[in-house]
Amino acid sequence: MSALRPGDITDEMIQAMDRAKRQGLQKDLRALAANIRADAEGRYDSAEPGWRSGVEWTLLWIENTAAQLTEDRPGAGAGGRDQDVSPE
């Protein structure tokens, strides 16, 4: 098997690798949200005020971030700089 040289790697290969990384991160974020949701179930009644809204905001932020990772638009990469949801 021969080694790849820099000219052997096409733009399509780079885009496919980037897409695979974003999809993997998206899957990990959704698993994290599912774990948070499962851990939070049943704790709302005894929690401090604001805790429930904090959990819900966090889940929304994670889902929005995950969704943006596979949107075909500029700034929808894994860097997380162009997020539409803010804590304010």
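Hydrogens, waters and symmetry mates are skipped; everything else that's a heavy atom, side chains included, is used.
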Where is the tightest heavy-atom contact between [X] and [Y], given as atom of each residue plus distance?
X	Y	result
Ala33	Leu59	O-CD2, 3.4 Å
Leu69	Arg22	O-NH1, 2.7 Å
Ala66	Gln26	O-NE2, 2.7 Å
Leu29	Ile62	O-CG2, 3.2 Å

**Report entry** Stepwise side chain to side chain contact (heavy atoms under 4.5 Å, CB included) check, Asp28 with Leu32
**Finding:** CA-CA 6 Å; Asp28 290 346; Leu32 173 63; over 6 Å; no
Query - Nearest-0.5 Å distance, CG of residue Asp18 to CD1 of residue Ile14 - result: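 Rounded to the nearest 0.5 Å, the CG-CD1 separation comes to 9.5 Å.
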Query raised in the report: Hey, quick one: are Met13 and Met17 part of the same hydrophobic cluster, counting side-chain heavy atoms closer than 4.5 Å, chains of contacts allowed?
Result: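 Looking at the clustering, Met17 is in a separate group from Met13.
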